[in-house]
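Per chain, numbering begins at 1; letters A, B, ... match sequence-line order.
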Protein chains: 2
Amino acid sequence: MKNYVDFMTARFKAAGYKITPQRIAVFRFLDGNKSHPTAEDIFAALRREYPNISYTTVYNILKSMLRIGGIQELVIDRERIHYDPNTSLHHHALCIKCGKIIDVIMPVKTLKLPGKISAQFIPTSFQIYFYGKCRDCEIKDAKEK
Amino acid sequence: MKNYVDFMTARFKAAGYKITPQRIAVFRFLDGNKSHPTAEDIFAALRREYPNISYTTVYNILKSMLRIGGIQELVIDRERIHYDPNTSLHHHALCIKCGKIIDVIMPVKTLKLPGKISAQFIPTSFQIYFYGKCRDCEIKDAKEK
DNA sequence: TTGGCTGCAAAATATTTGCAGAACA
DNA sequence: TGTTCTGCAAATATTTTGCAGCCAA
C-alpha cells in the first residue's frame with residue numbers, strides 16, 4: 001500500500017463504505033499531514049476544491065475514519081478536537097501561546113499502571129501531552145521584554 | 001494551613017480577590033474531591049445550597065482559581081472540561097464507556113523531551129492520560145455477552 | 001463607599017441531528 | 001435501483017460575554 005489515500009480507500013471499501021470525492025479529498029489532505037488539523041481546518045482546505053462541502057460531511061467522514069481506524073482524535077486543546085492521521089504510538093506537545101501541536105516521537109516503554117490501579121482499570125492505550133511554549137513564541141516573548 | 005478551604009481563602013486574599021459565600025462553597029466542594037467534576041457538576045452541587053447560583057459565577061470562580069493556582073484543568077474528555085483540586089504531579093485514566101476519570105499516582109521520572117524536540121519546544125509540564133475501561137464497566141460488558 | 005462579584009439573558013463556538021435530494025456501487 | 005452519502009438548516013451543549021444591581025472590604 002503505497003500511500004495513505006490508497007490505504008484508507010481500501011479500508012473504507014473493506015468496511016463496505018462508499019468512496020466519494022469528498023472522502024478522497026479528506027484522505028488526500030491528511031496524507032502525511034503533521035499539522036494536527038481541526039475539523040474547521042479540514043473544512044477550509046476542502047472548500048477550495050469543493051465550494052459546497054459542509055461541516056456535516058467533514059464530521060461524518062472523520063467519524064467513519066475513527067470507527068474503522070486510520071485517524072486519531074487528539075483531546076489536548078480545550079477549545080476543539082484535533083485529528084492526526086498518524087495512529088502509531090507517539091505523543092504531543094501543545095504550545096499554550098499559539099496553540100500549535102507538535103509530534104513527540106520518543107521511546108517510552110509501554111507504561112504499566114501500578115498494581116492498585118490495574119485492579120480498577122484496564123488500559124488499552126495512553127498518551128503523553130506536554131504543555132509549554134514553542135520556539136517561535138519563546139522568541140516573540142523574549143523580544144517583548 | 002489545615003485544609004483546602006483555608007488554603008484557597010488565603011490565596012484569594014493574597015491575590016486581592018474577595019471572599020464570597022459562593023467562592024467558599026466552591027472551595028468546600030472541591031476540598032479532597034477526587035471525582036474530577038465538570039462545571040456542571042459543581043453548579044449542580046452548589047445549587048442545593050445556593051438556588052440562585054449561576055454558571056457565570058461557577059466559571060468565573062474556576063477561572064480565578066486557574067489564574068492564581070489551586071486547581072487544574074483536565075483536557076481528557078472530548079465533551080467537556082474536568083477540574084482537579086489536586087495540583088501535584090499525577091496522571092489520569094479515562095473509562096471510555098462511562099466517562100469516569102480516576103487518579104493515577106505513579107512515579108514517572110520527569111520526562112525529558114528528545115534533543116531534536118527540545119530545540120523546538122520548552123515544556124513546563126506534562127500529563128499522561130490512560131484510556132480504557134474501568135472495573136465496573138468491564139464487569140457489565142462481560143455479563144452482556 | 002466602591003470596585004469587584006453575582007446572576008440573568010443573550011451570544012459565541014463547536015459539534016450533532018433530521019431530512020430531502022444526489023450519487024456511488 | 002437502492003442504499004448510503006451529502007449538504008442545508010436547525011438543534012444541542014458548553015463556555016463566554018454584556019450589563020445592572022449587590023455586597024465584601
Side-chain angles (χ1 to χ4, degrees), chain A residues 5 8-27 29 36-68 71 73-83 99 101, chain B residues 5 8-29 36-68 71-83 99 101:
Chain A
V5 178
M8 286 310 304
T9 300
R11 280 200 110 152
F12 265 57
K13 280 184 180 163
Y17 292 150
K18 293 183 175 167
I19 306 302
T20 65
Q22 294 90 335
R23 289 179 172 186
I24 293 174
V26 171
F27 302 161
F29 178 71
H36 310 95
T38 62
E40 189 187 1
D41 296 331
I42 298 169
F43 173 77
L46 266 59
R47 205 167 199 191
R48 272 174 252 141
E49 243 183 304
Y50 299 91
N52 292 325
I53 201 165
S54 68
Y55 271 105
T56 308
T57 297
V58 173
Y59 280 114
N60 278 344
I61 295 174
L62 291 171
K63 193 175 286 182
S64 299
M65 294 177 81
L66 283 166
R67 203 176 311 129
I68 65 179
I71 204 174
E73 276 185 346
L74 300 185
V75 181
I76 180 176
D77 173 353
R78 74 196 300 295
E79 322 261 281
R80 56 191 70 77
I81 294 164
H82 293 255
Y83 295 89
I101 296 170
Chain B
V5 177
M8 286 311 305
T9 301
R11 281 201 109 150
F12 265 57
K13 279 184 180 163
Y17 292 150
K18 293 182 177 169
I19 305 303
T20 64
Q22 294 91 335
R23 288 179 174 189
I24 293 174
V26 171
F27 302 161
R28 265 218 309 274
F29 178 71
H36 311 94
T38 62
E40 189 188 1
D41 296 331
I42 298 170
F43 174 76
L46 267 58
R47 205 166 197 192
R48 273 174 251 139
E49 245 183 301
Y50 299 90
N52 292 324
I53 201 164
S54 68
Y55 271 106
T56 308
T57 298
V58 172
Y59 280 113
N60 279 343
I61 295 173
L62 291 170
K63 194 176 284 181
S64 299
M65 294 178 81
L66 283 166
R67 203 175 312 128
I68 64 179
I71 205 174
Q72 200 188 353
E73 276 186 347
L74 300 185
V75 181
I76 179 176
D77 173 353
R78 75 196 300 294
E79 321 260 284
R80 57 191 70 77
I81 294 164
H82 293 255
Y83 295 89
I101 297 170

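- Shown here is B/Arg47, whose CZ atom has no more than 12 heavy atoms of other residues, nucleotides or ligands within 6.0 Å.
- In the model, A/Thr38 has a side-chain atom that pairs as donor or acceptor with a side-chain atom of A/Asp41 under 3.5 Å.
- The nearest heavy atom of DNA chain D to A/Glu79 and to B/Pro21 marks one nucleotide each, and the one closer to the 5' end goes with A/Glu79.
- B/Met8 has its side chain out of reach of B/Val26: every pair of non-hydrogen atoms, C-beta onward, lies at least 4.5 Å apart.
- At the phosphate of C/dC8, neither OP1 nor OP2 sits under 4.0 Å from any side-chain N or O atom of B/Thr56.
- With a 4.5 Å cut-off on side-chain heavy atoms, A/Ser54 and A/Tyr59 do not count as touching.
- What separates CZ of B/Arg67 from P of D/dT16 is a distance of 12 Å, to the nearest Å.
- The nearest heavy atom of DNA chain D to B/Thr20 and to B/Lys63 marks one nucleotide each, and the one closer to the 5' end goes with B/Lys63.
- Residue A/Arg78 places its side chain closer to D/dT15 than to any other of D/dT15, D/dT3, C/dT15.
- Atom CD1 in B/Ile24 sits roughly 15 Å away from atom P in D/dC23 (whole-Å rounding).
- Distance B/Tyr55 OH to C/dA10 P: 18 Å, rounded to the nearest Å.
- Computed from coordinates, the B/Ile61 CD1 to C/dT6 C1' distance equals 9 Å when rounded to whole Å.
- B/Asn60 has its CG atom 13 Å from the C1' atom of C/dC8, to the nearest Å.
- Not one side-chain nitrogen or oxygen of B/Arg80 sits closer than 4.0 Å to the OP1 or OP2 atom of D/dT15.
- The closest donor-acceptor contact from the side chain of A/His36 to the backbone of A/His82 lies at 3.5 Å or more, if one exists at all.
- Comment: B/Glu49 engages B/Arg28 in a salt bridge, judged by a side-chain N to carboxylate O separation of less than 4.0 angstrom.
- Contact annotation: B/Thr57 side-chain N/O to C/dG7 OP1/OP2 distance is under 4.0 Å.
- A/Phe43 places its CZ atom 14 Å from the P atom of D/dT6, with the value rounded to the nearest Å.
- With rounding to whole Å, B/Lys18 atom NZ is found 7 Å from C/dG4 atom P.
- As rounded to whole Å, 17 Å separates atom P of D/dA13 from atom CD1 of B/Ile81.
- Relative to the side chain of A/Gln22, the nucleotides C/dT6, D/dT6, C/dT17 differ in distance, and D/dT6 lies closest.
- Of the listed nucleotides (D/dT14, D/dA25, C/dT6), D/dT14 has the atom at the smallest distance from the side chain of B/Tyr59.
- Between B/Arg23 and C/dT6 there is a side-chain polar atom (N or O) within less than 4.0 angstrom of OP1 or OP2.
- Counting heavy atoms from C-beta on, the side chains of A/Phe43 and A/Ile53 come closer than 4.5 Å.
- DNA chain D is contacted by A/Asn52, A/Ile53 of residues 44-53 of chain A, taking any non-hydrogen atom closer than 4.0 Å.
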